[in-house]
J.: 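First the structure, then my questions, so here it is.
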Amino acid sequence: MIAAAYDTKPYDRQYLQAAAEGAGIEWRFWEFRLSEATAGTARGAGAVCVFVNDRLDRACLDALAREGVRHIALRCAGFNNVDLVAAKELGLTVTRVPAYSPHAVAEHAVALLLALNRKIHRAFNRVRELNFSLHGLVGFDLHGKTAGVIGTGKIGRVAAQILRGFGMRVLAHDPFPDADWAAAHGIEYADVRVLARESDVISLHLPLTPETRHMIRAETIELMKPGAILINVSRGALIDTGALIAALKTGRLGGVGLDVYEEEEGIFFEDLSGEILQDDTLARLLTFPNVLITSHQAFLTREALQEIAQTTVANLRALDAGLPFIEGSQIQ
Ligand code: NAD
């Protein structure tokens, strides 16, 4: 079976190729993203394998169905970039990788927090310039402070447990709280407003849906403690970037660590170092000394890449062979 894989980089190809060995899958790798404009390249493929910034709107799905594609295999957990209503109407099966090393993503969130709080990004540049001054590098002890974890699914739980390990009080919020897990780890569930008011650090670990879009906006930021650090490794549009910039300009936030950005499509994952950045909002964000941005790399560990590739291949084979998908993979 031919599977057309989009937005693939050398590291994706390496792991997908290895996982498909002897599995009867012939990869057709493309570097560009899948959208209505590029869907014609799926001709002859039974499945497409896509990532977070491929755009599978109705027009794209229509074109894929016309080309004979039956299966959309996401090689990520989130699926906010697929029009599921249209996919259902067109009879397309949609699968994802429901879990792949939640540790990879949670550890990256904590890496951003530690770097921001202790100003490692600034210290690194300074020392390379032989500037050994400590001026402006004062952080705070995480021990004894309060962390707010919004979303206690697979990744949020690992993040909460790591933060507990630092000796932080951890407040959590989730529409489906797990009281046993919280009790076992000394974590308290709280109303999201209480969490916002009491936390020195807030980390987002919930999916992007119409309900959660811009959950961090001017009113929410207003509730937060002055000097609080906000971390987002989930999806960019959970935060209203305009409101975030306004708050950063007043100095209200202590730091912001972002692995995702509302308008990351076409920017993140690409080497634009020789080009003129056209996104003025991102350009403004990059000017703040207390903002640390990575380019959607929280998943990028050897373990996660291997699990992503293996689950994706298992799902591709399952549809072909009429076997069940890996548990939790089938979205429809
Ligand atoms: P999960 O489904 O295991 O957990 C998500 C949790 O969020 C669930 O417990 C759910 O009840 C909760 N939730 C839903 N709506 C909420 C709300 N309004 N308020 C609070 N909680 C809410 O998902 P996961 O595997 O932990 O992944 C979380 C998100 O991380 C994914 O949706 C994805 O967007 C993101 N992610 C990012 C990367 C990266 O590389 N940056 C990698 C993997 C996943």
Side-chain angles (χ1 to χ4, degrees), residues 7 9 11-12 50-54 74-82 84 96-113 147-162 170-182 187-196 199 202-217 220 231-239 257-262 264-265 267-269 292-309 311-312 326-331:
D7 204 6
K9 300 288 184 258
Y11 48 83
D12 296 307
V50 297
F51 200 46
V52 293
N53 289 324
D54 293 294
L74 289 139
R75 55 179 195 280
C76 52
F79 47 87
N80 50 285
N81 53 335
V82 184
L84 293 178
R96 63 173 179 147
V97 180
Y100 57 88
S101 182
H103 304 282
V105 185
E107 287 172 13
H108 192 76
V110 177
L112 288 176
L113 167 62
V149 174
I150 306 185
T152 54
K154 292 174 285 296
I155 298 168
R157 285 177 197 222
V158 175
Q161 288 167 219
I162 296 173
V170 176
L171 297 178
H173 178 75
D174 196 296
F176 302 100
D178 180 342
D180 292 341
W181 165 78
I187 289 161
E188 306 158 46
Y189 276 103
D191 175 78
V192 73
R193 292 174 158 268
V194 173
L195 180 152
S199 298
I202 294 181
S203 195
L204 307 179
H205 298 287
L206 67 166
L208 176 64
T209 63
E211 294 73 44
T212 62
R213 188 170 185 277
H214 286 185
M215 74 167 304
I216 303 292
R217 50 184 183 273
T220 342
I231 304 292
N232 185 11
V233 297
S234 284
R235 284 292 181 268
L238 292 172
I239 299 180
L258 304 175
D259 187 51
V260 285
Y261 165 60
E262 278 193 271
E264 69 181 54
E265 186 187 326
I267 300 177
F268 282 17
F269 308 130
L292 183 49
I293 300 177
T294 52
S295 172
H296 209 134
Q297 72 173 76
F299 72 98
L300 203 65
T301 66
R302 290 193 295 269
E303 292 77 3
L305 286 168
Q306 204 165 13
E307 288 170 41
I308 288 170
T311 304
T312 304
I326 299 283
E327 200 185 333
S329 292
Q330 188 168 13
I331 304 166

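Atoms within a ligand are numbered from 1 in the order they appear, just like the ligands themselves.
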J.: Of all the heavy atoms in T152, does at least one lie under 4.0 Å from an atom in ligand 1?
T.: yes

J.: Flag the pair R213 / E262 as yes when at least one side-chain heavy-atom distance between them is below 4.5 Å, and no otherwise.
T.: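 Yes - at least one pair of side-chain heavy atoms lies under 4.5 Å apart.
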
J.: Parallel, tilted or perpendicular: which one describes the rings of Y11 and F299, with boundaries at 30° and 60°?
T.: tilted

J.: May I ask you to decide if S101's main-chain N or O and E307's side chain share a donor-acceptor pair within less than 3.5 Å?
T.: yes

J.: In the protein, what heavy atom is nearest to atom 44 (C) of ligand 1, and what distance, to one decimal place, separates them?
T.: I155 CD1, 3.6 Å

J.: Please confirm whether D259 comes within less than 3.5 Å of ligand 1 when only nitrogen or oxygen atoms on both sides are compared.
T.: yes

J.: Which protein non-hydrogen atom lies closest to atom 12 (C) of ligand 1, naming both residue and atom, and how far is it?
T.: D174 OD2, 3.1 Å

J.: Within the structure provided, determine whether P98 and T311 are in side-chain contact (heavy-atom separation under 4.5 Å).
T.: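 Yes - at least one pair of side-chain heavy atoms lies under 4.5 Å apart.
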
J.: For ligand 1, is any non-hydrogen atom under 4.0 Å from E211's backbone (N, CA, C, O), its side chain (CB onward), both, or neither?
T.: neither

J.: Yes or no on side-chain contact (heavy atoms from CB on, under 4.5 Å) for V52 and D7, after CA distance, side-chain angles and deciding distance?
T.: CA-CA 9 Å; V52 293; D7 204 6; 5.9 Å; no

J.: Look at the rings of F51 and H296 and say which category their plane angle falls in: under 30° parallel, 30 to 60° tilted, over 60° perpendicular.
T.: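 Taking H296 first and then F51, their aromatic rings sit tilted (interplane angle of 30° to 60°).
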
J.: Who's the nearest protein heavy-atom neighbour of atom 18 (N) of ligand 1, and how far?
T.: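 Here the nearest protein heavy atom works out to T212 CG2, 3.6 Å.
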
J.: Given the rule in the side-chain contact (heavy atoms from CB on, under 4.5 Å) test, do R235 and L206 qualify, once you have shown the distances and angles that lead to the verdict?
T.: CA-CA 8 Å; R235 284 292 181 268; L206 67 166; over 6 Å; no

J.: What are the atoms of ligand 1, with element, lying closer than 4.0 Å to any heavy atom of F176?
T.: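 Result: 11 (O).
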
J.: Does the N or O separation between Y100 and ligand 1 drop below 3.5 Å for any pair?
T.: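 Between Y100 and ligand 1, no N or O pair is found under 3.5 Å apart.
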
J.: Which atoms of ligand 1 sit under 4.0 Å from any heavy atom of G151?
T.: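 Within the 4.0 Å cut-off of G151, ligand 1 contributes 7 (O), 20 (C), 21 (N).
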
J.: Could you walk me through whether E264 and I267 pass side-chain contact (heavy atoms from CB on, under 4.5 Å), step by step?
T.: CA-CA 5 Å; E264 69 181 54; I267 300 177; 5.5 Å; no

J.: Polar contacts were defined as any N/O atom of the residue lying under 3.5 Å from an N/O atom of the ligand; does this apply to V105 and ligand 1?
T.: no

J.: What are the atoms of ligand 1, with element, lying closer than 4.0 Å to any heavy atom of P175?
T.: 13 (N), 15 (N), 16 (C), 17 (C), 19 (N), 20 (C), 21 (N), 22 (C)

J.: Please state which protein non-hydrogen atom is closest to atom 30 (O) of ligand 1 and give its distance, to 0.1 Å?
T.: S234 OG, 3.5 Å

J.: Is D178 close to T152 at the side-chain level, that is, under 4.5 Å between some pair of heavy atoms?
T.: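 T152 does not reach D178 side chain to side chain.
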
J.: Check whether any heavy atom of P102 sits under 4.0 Å from an atom of ligand 1.
T.: no

J.: Is atom 8 (C) of ligand 1 close to the protein, meaning a heavy atom under 4.0 Å from it?
T.: yes

J.: To which of P207, A109, S295 does the heavy atom nearest atom 14 (C) of ligand 1 belong?
T.: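 Closest candidate by heavy-atom distance is P207.
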
J.: Walk me through it: do L74 and I331 pass the test side-chain contact (heavy atoms from CB on, under 4.5 Å)?
T.: CA-CA 10 Å; L74 289 139; I331 304 166; 3.8 Å; yes

J.: Nearest to atom 2 (O) of ligand 1 by heavy atom, H173, K154, H205: which?
T.: K154

J.: What do you reckon, does A77 have a nitrogen or oxygen under 3.5 Å from a nitrogen or oxygen of ligand 1?
T.: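 No; the residue has no nitrogen or oxygen that sits under 3.5 Å from a nitrogen or oxygen of the ligand.
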
J.: Say whether R235, considering both its backbone and side-chain N or O atoms, lies within less than 3.5 Å of an N or O atom on ligand 1.
T.: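 So ligand 1 has an N or O lying under 3.5 Å from an N or O of R235.
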
J.: I'd like to check whether L208 has a polar contact with ligand 1, where a contact means an N/O of the residue lying under 3.5 Å from an N/O of the ligand.
T.: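 No; every N/O pair is 3.5 Å or more apart.
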
J.: Under 4.0 Å from ligand 1, counting heavy atoms only, is it the side chain of L206, its backbone, both or neither?
T.: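 The part of L206 near ligand 1 is both the backbone and the side chain.
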
J.: Is any side-chain heavy atom of I293 closer than 4.5 Å to one of Y261?
T.: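 With C-beta onward as the side chain, the pair stays apart.
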
J.: Would you mind running through ligand 1 and noting each atom that sits below 4.0 Å from a heavy atom of A298?
T.: 39 (C), 40 (O), 41 (N)

J.: Taking the side chain from T212 and the backbone from L238, do they hold a donor-acceptor pair closer than 3.5 Å?
T.: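 Looks like no, no N/O pair under 3.5 Å.
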
